[in-house]
Amino acid sequence: MYISDTHLKSFLADAGLVSQKDFDSAEKEAKESGRPVGEILTSKNAIGEDELRRTYAYILGIPFVSLMGTTIKYETLSLIPEPVARRNNIIAYNHRGDELEVAMLDTDDLAAIDFIKKKTRLKVLARLTDAASVKTALKQYQQGLKDNLGDVIQRETAALEKIAGGDKEEDIRQLAEGVPAVRIVDTLLRHANAQGASDIHIEPLEDSLIIRYRIDGILHDAMELPKHAAPAITARIKVLANMRLDEHRLPQDGRFGTESGGERVSLRVSVLPTYYGEKIVMRLLRDSVSGFTLESIGFHGIALDRMHDAMKKTTGMVLSCGPTGAGKSTTLYTLLDIVNTPDVNISTIEDPIEYQMQRVNQTQVRPEIGFTFANGLRSLVRQDPDIVMVGEIRDKETANLAINAALTGHLVLSTLHTNSAAGAVARLIDMGVEPFLLVSTLRVIVGQRLVRRLCADREPYELSRDEQAQLDKVVDAGAVLKGLKDEKAVAKDATWKNIPFYKPKEGGQSPSGYSGRIGIYEVLPVTSTIKELVIGNATGDAIEAQARKEGMLTMSEDGIFRAAQGTTTIEEVLRVITE
């Protein structure tokens with residue numbers, strides 16, 4: 001919401017909400033840091049966020065609504081999927097005919113308004129609201145879903161108890177295709193997707209069935225079901241994923257798709273026999289990643305510039321490194337989306353294909369029939385590609401083929417399981433790749449992790465002297481502060497004493513205080529000095545030290561940078577880095 005500083009100053013002064021001195025001080029800081037005056041006023045507690053938002057509404061002539069104490073019909077509330085509502089702070093609260101009134105913290109969020117228009121096909125009327133209203137309304141999602149889920153689960157599990165299941169495949173299939181099993185599984189999938197879960201765990205115990213969701217990288221208990229519901233749920237999921245119904249002794253893998261909350265979701269299914277029955281884990285993959293940018297997934301500053309420079313090249317190799325669940329695939333898909341233009345041919349070899357992309361030739365490996373990464377890559381380079389994406393470099397053969405593809409005029413993107421960017425060089429050499437081939441092909445290596453984002457209703461605090469000393473032991477605090485100043489995220493004369501950090505607010509809009517995740521990165525360009533170190537068989541520590549001299553922030557330093565911006569917390573960064 002753009003309001004000129006002069007207009008805002010005039011109104012706040014006339015209303016007696018902010019003193020002339022406080023406004024002048026904030027205005028001066030705004031010019032130095034590039035931040036809005038309103039944001040600085042609220043950070044200094046000169047005016048409350050909600051009070052400022054009401055002021056904006058009055059000046060702009062936008063209706064202001066408070067949803068405190070308002071019970072919203074679940075049919076209206078759910079017109080906007082909970083992840084969208086939570087991410088964009090937007091609530092559907094009144095539906096009349098072809099009009100939908102939505103309460104927002106930022107009525108300039110045109111992308112969110114446009115999304116809701118397309119999804120609901122209704123005329124969207126934006127109203128300004130306060131953070132407390134959004135927080136209250138978001139809690140109603142949980143209650144509505146819980147009531148809906150509880151009714152279905154209780155009714156259908158009771159029905160299952162009356163159904164006698166046999167051991168024959170026909171009996172199991174009949175159980176799987178029965179109404180109770182179908183409704184329970186559909187409700188579970190819908191609920192998990194609405195919660196923003198990345199994985200669903202269905203775990204049999206001695207006398208019950210535990211359902212758990214992984215949300216923002218952390219597993220949470222979702223519900224406990226009676227033991228007799230296990231056979232029907234397992235059978236239903238096996239039918240959906242085209243697995244053998246009569247196989248209970250061997251692991252099985254499968255996949256199926258569904259639609260939930262207005263978006264297409266693919267589910268990758270793994271079934272594993274355990275002592276008390278078959279455990280199921282389903283990975284939820286939202287099919288479309290179009291529209292992601294490097295900025296939106298967490299790249300910034302010099303790291304962002306280096307990524308864009310690497311993607312302008314037509315040959316060479318870009319590697320994304322980190323453990324399972326670090327967001328490597330999302331990084332590669334985002335890079336592919338950037339270079340996916342009509343004048344290039346892009347081919348991928350993946351295991352599995354996590355997202356479908358338009359105009360990209362995606363191939364799934366099938367090791368059971370001998371179609372491996374290496375075999376697939378050999379065929380891909382004969383398909384006249386400009387850009388090749390290899391899901392993962394796992395062995396010497398794949399590594400050498402990828403290197404050769406990069407040498408022969410292709411841009412190659414891939415992932416590697418290492419703890420850091422510098423560790424990728426040692427890992428590839430350990431696989432048997434010659435150092436002189438690495439320096440000829442490697443363009444940039446990315447090390448990454450995912451950290452949870454703080455909710456909007458976070459609490460600021462300043463580091464004590466002891467905490468500053470602890471911070472210096474973990475990271476190069478001077479390098480982080482320099483990065484903050486270079487990107488104008490803080491004032492030029494800022495010190496750690498006056499930079500606020502943030503922590504989750506107790507009883508906030510999310511039970512954990514976090515919602516969603518963002519990447520923290522270290523981007524290591526293979527410069528001439530790094531090449532010399534690689535040729536000389538230098539250690540990963542030596543390579544990292546040189547990269548830091550050339551301006552690279554490590555993942556932990558990038559995490560502290562994010563914490564200083566209020567995106568996450570120091571504790572969350574340390575949790576992820578030390579895992």
Side-chain angles (χ1 to χ4, degrees), residues 198 266 268 283 285-299 303-304 306-341 344-365 373-374 376-377 380-381 383 385-394 398-399 401-403 405-406 410-421 423-424 427-428 441-450 517-526 555:
S198 61
S266 291
R268 195 174 78 208
R283 167 68 56 88
L285 305 166
R286 279 74 182 180
D287 277 3
S288 175
V289 293
S290 180
F292 275 166
T293 63
L294 290 174
E295 293 91 338
S296 69
I297 62 172
F299 287 94
L304 178 65
R306 286 170 170 175
M307 291 302 293
H308 281 303
D309 287 344
M311 297 314 293
K312 289 174 185 174
K313 303 287 192 295
T314 56
T315 63
M317 181 181 284
V318 175
L319 287 177
S320 177
C321 305
T324 300
K328 301 185 297 297
S329 295
T330 300
T331 298
L332 290 194
Y333 281 116
T334 302
L335 293 175
L336 284 183
D337 203 32
I338 291 169
V339 296
N340 189 6
T341 56
V344 295
N345 176 24
I346 302 176
S347 293
T348 75
I349 179 81
E350 307 174 54
D351 182 24
I353 297 172
E354 295 193 14
Y355 305 100
Q356 282 76 51
M357 299 191 74
Q358 295 293 322
R359 304 180 66 92
V360 175
N361 308 292
Q362 296 174 265
T363 305
Q364 168 78 51
V365 302
F373 274 117
L377 191 48
L380 282 192
V381 295
Q383 288 277 312
D386 299 291
I387 299 165
V388 175
M389 193 261 267
V390 183
E392 183 186 341
I393 294 177
R394 296 176 178 172
T398 307
L401 286 167
I403 292 284
H410 306 91
L411 180 62
V412 179
L413 312 179
S414 191
T415 70
L416 201 62
H417 277 78
T418 62
N419 287 327
S420 66
R427 179 82 179 96
L428 288 168
T441 53
L442 281 176
R443 300 290 184 199
V444 70
I445 307 171
V446 181
Q448 64 181 89
R449 298 288 191 279
L450 291 175
R517 289 190 290 175
I518 191 169
I520 55 174
Y521 304 91
E522 54 189 28
V523 178
L524 193 160
V526 184
M555 276 182 285

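In what follows, every heavy atom counts, from backbone to side chain, and hydrogens, waters and symmetry copies are set aside.
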Ignoring hydrogens, what is the shortest heavy-atom contact between [X] and [Y]? Give both atom names and the distance.
{"X": "I353", "Y": "Q362", "result": "CG2-NE2, 3.3 Å"}
{"X": "L380", "Y": "S347", "result": "CD2-CB, 3.8 Å"}
{"X": "R449", "Y": "N419", "result": "NH2-O, 3.0 Å"}
{"X": "A326", "Y": "L450", "result": "O-CG, 3.5 Å"}
{"X": "F373", "Y": "I349", "result": "CE2-O, 3.3 Å"}
{"X": "M555", "Y": "E522", "result": "N-OE1, 3.0 Å"}

Roughly how far apart are [X] [atom1] and [Y] [atom2], rounded to 0.5 Å?
{"X": "I403", "Y": "I393", "atom1": "CD1", "atom2": "CD1", "result": "6.5 Å"}
{"X": "L524", "Y": "L319", "atom1": "CG", "atom2": "CG", "result": "11.0 Å"}
{"X": "T334", "Y": "M307", "atom1": "OG1", "atom2": "CE", "result": "9.5 Å"}
{"X": "R283", "Y": "S198", "atom1": "CZ", "atom2": "OG", "result": "5.5 Å"}

- Message: If you define the side chain from C-beta out and look only at heavy atoms, does anything of D351 sit under 4.5 Å from Q364?
- Response: yes

- Task: Take atom CD of Q358 as the centre, draw a 6.0 Å sphere, and report whether it contains more than 12 heavy atoms from other residues, nucleotides or ligands.
- Result: no

- Item | Flag if over 12 foreign heavy atoms under 6.0 Å of CZ, R268 | yes

